[in-house]
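Notes follow the structure.
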Amino acid sequence: MSTGDYLLALDQGTTSSRAILFDRHGVARASAQRELPQIFPGPGLVEHDAGQIWRDTLATAQAALAESGVGAEQIAGIGIANQRETTVIWRRDTSRPIHNAIVWQDRRTAAHCERLRQCGADKMIQARTGLIVDPYFSATKISWLLDNVAGARTAAEAGDLAFGTIDSWLLWNLTGGASHATDASNASRTMLFDIHRQCWDEELCQLFDIPMALLPEVRDCAADFGHTAKDLFAVPIAIAGMAGDQQAATVGQACFAPGMIKATYGTGCFVMLNTGDEAVASQNRMLTTVAYRLEGHTTYALEGSIFVAGAAMQWLRDGLELIDAAPESEALASGLDSTNGVIMVPAFTGLGAPYWDAEARGAILGLTRDSGIAQIVRAGLEAVCYQSRDLLLAMQADAKSATAFGAGAGLSLDVLRVDGGMVENDWLMQFLSDILEATVDRPAVTETTALGAAYLAGLQTGVFPSLDAITAQWRGQASFTPGMAAEMRDRLYAAWQAAVARVRTFA
Ligand code: ADP
């Protein structure tokens, strides 16, 4: 058995599998990564090879250990953070998946979701799960697999199959089939889990026609999930932490008090607001979700997302070929006083919260003869900031009714903790602070997802005695404070809102 104080984080994301070894100070000592091929069998369909996810995860874990020179016996525990909602069903006897994993982005169950809305089930689903009916979540993907893979339903009813999101699938393989479990944060994204009672919901399982024998046991985010099977590492290692990627980032950012917010700016942007003990029901189509569950105590969050953040930079680079690399955007934007009225609405795949307009499409408005590459690139960065403001205003509106923030007092939005690839861009961080009229804090460790998984494993194994010990470790690297005149901010934001309105009427 391992007894040391290193922590091994497995960060299994949509496009890559990564392993990072952290020491007890939260410093990364070694890492390894493999890109994950995307499988697109048809329009709107996105799959992953679940077997490859497992093999890559194991290979990166072993590679990170080898690189570090740290022995398996020096590792206190493994923490898993994962792409959420992605659905795997496998045979219990052979551990073989019955189909490729259906990825969260996959839209094949859109018609099923539409039927659920038409029969009015969406209200009950939202009340129990905190989620908005959408193909994104696991439940309709499970139904699809049972209905479309030959023999699956009969095998599921006989108890021969197991369902898991990627966390459970990795755990099953890590433990050689000894442990079929998940954690409350991942369970809260399946659309089968009652976030108030903290258990699988029988009625929801009936509604989606899913035998409960398929489902994993739900544990805390820091828990005894079992040990790695013989032969994987020199000695068996405890698996002690687990959370969905955005929840893990919330832990990695030490957002443990109600009102604390983290925003991850990668391909898209995910914002999580800690609402403490209270599952705040959203009036603005935010998701209510489990932030983390520790020692049986659930902490909730409101979550909102922006579909296109860094993806706009990718489009400017690969689609329009206006820049060679995303970091060039910083010099281009900071070389201008303004975009001269150019606004980009990057609604390439519709608009998310608070608009939820699937039909909206992107546009660049306000072009004149002197508009050039720099103005368009800067408009792409500014759009990320305006959409962040859209989200945070919606969260503030939701929080008004929450006792978590003092009845009627509402949520004051003072500080935002940021991470993800885009936050290296100092100009963007300053503009974000200006538009939000809030301090934007960038941590020293921006691998917050993996760090959060390591922290959870560290809580369980005693490397960290408490959340306070983790809070004490959070280190800021840079802080951006608002400096823009209110009149200017209001004018820019009003122009953004007008542009969004134009885009929506066009669609
Ligand atoms: P993901 O985890 O979603 O793959 P990352 O967190 O690795 O994404 O961030 C990568 C994204 O950030 C890319 O979309 C890229 O265009 C964008 N990006 C990276 N560096 C910068 C930068 N300096 N300025 C603006 N955007 C950037």
Side-chain angles (χ1 to χ4, degrees), residues 9-20 28 31 33-38 46 48 56 60 81-86 103-105 166 244-250 252-253 262-272 305-336 339 344 346 348-349 352 362 373-374 376-388 417-433 440 442-443 445-453 477-478 480:
L10 306 179
D11 177 5
Q12 205 300 306
T14 309
T15 57
S16 72
S17 307
R18 241 186 309 206
I20 304 184
S31 68
Q33 176 165 343
R34 286 196 180 183
E35 296 308 312
L36 180 64
Q38 310 293 304
V46 188
H48 286 158
D56 287 356
T60 56
N82 55 286
Q83 55 166 317
R84 304 174 299 173
E85 298 102 9
T86 296
V103 177
W104 55 274
Q105 296 146 324
I166 295 300
D245 51 13
Q246 299 310 318
Q247 282 91 341
T250 304
Q253 288 274 30
K262 77 90 197 166
T264 300
Y265 292 93
T267 309
C269 163
F270 291 88
V271 181
M272 281 237 181
S305 51
I306 297 168
F307 299 151
V308 174
M313 295 300 112
Q314 291 165 10
W315 176 69
L316 292 170
R317 184 191 64 194
D318 305 333
L320 298 192
E321 299 183 12
L322 296 186
I323 51 176
D324 290 325
E328 282 175 24
S329 60
E330 180 164 357
L332 287 169
S334 62
L336 300 176
T339 65
M344 183 192 297
F348 301 126
T349 52
I373 290 173
I376 291 172
V377 169
R378 175 162 161 155
L381 292 176
E382 288 190 0
V384 173
C385 305
Y386 300 136
Q387 290 183 93
S388 299
R417 290 188 170 179
V418 296
D419 51 64
M422 286 194 104
V423 308
E424 301 307 321
N425 187 321
D426 284 352
W427 182 86
L428 178 67
M429 294 300 100
Q430 183 57 52
F431 196 81
L432 181 65
S433 170
V440 170
R442 183 169 65 197
V445 179
T446 49
E447 291 283 3
T448 51
T449 304
L451 184 60
Q477 182 268 338
F480 301 84

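Start at 1 and go down the list; that is how both ligands and their atoms are numbered.
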Checklist entry - Would you say ligand 1 has an N or O under 3.5 Å from any N or O of Q314? => result yes
Checklist entry - Given G421, G268, G310, which has its nearest heavy atom closest to atom 21 (C) of ligand 1? => result G421
Checklist entry - How close do A450 and I20 get, heavy atom to heavy atom, and via which atoms? => result CB-CD1, 3.8 Å
Next on the checklist: Can a donor-acceptor pair be found, under 3.5 Å and without considering hydrogens, that links the side chain of R417 to the backbone of Q253?
Outcome noted: yes
Checklist outcome for this item: Out of A311, A326, C269, A309, the nearest non-hydrogen contact to atom 15 (C) of ligand 1 is supplied by A326
Item to check | Residue pair I376 / L322: nearest heavy atoms and the distance that separates them | outcome: CG2-CD1, 4.1 Å
Next on the checklist: Suppose we measure from atom 23 (N) of ligand 1 to each protein heavy atom; which comes out shortest, and what is that distance?
Outcome noted: P327 CA, 3.3 Å
Checklist entry - Taking all atoms of both residues into account, what is the closest heavy-atom pair of Q38 and L36, and its distance? => result NE2-O, 2.9 Å
Item to check | Nearest non-hydrogen partners of Q314 and T267, listed with the distance | outcome: NE2-OG1, 4.1 Å
Checklist entry - Quick one: which ligand 1 atoms are inside 4.0 Å of a heavy atom on G266? => result 3 (O), 5 (P), 6 (O), 8 (O), 9 (O), 11 (C)
Next on the checklist: Check for me whether M422 has a heavy atom closer than 4.0 Å to any atom of ligand 1.
Outcome noted: yes
Checklist outcome for this item: In terms of its nearest heavy atom to atom 24 (N) of ligand 1, the top option of D419, N425, D426 is N425
Checklist entry - Heavy-atom distance to atom 1 (P) of ligand 1: which of T267, D245, T449, V423 wins? => result T267
Checklist entry - Does the side chain to side chain donor-acceptor pair (under 3.5 Å) test come out yes or no for S17 and D56, once each step is laid out? => result CA-CA 6 Å; S17 307; D56 287 356; 4.6 Å; no
Checklist entry - So, for A453 and A248, which heavy atoms are closest and what is the spacing to 0.1 Å? => result N-CB, 4.2 Å
Checklist outcome for this item: Here the atoms of ligand 1 under 4.0 Å from any heavy atom belonging to G420 are 6 (O)
Next on the checklist: Just to confirm my output: which protein heavy-atom neighbour is closest to atom 25 (C) of ligand 1, and how far is it?
Outcome noted: S329 OG, 3.5 Å
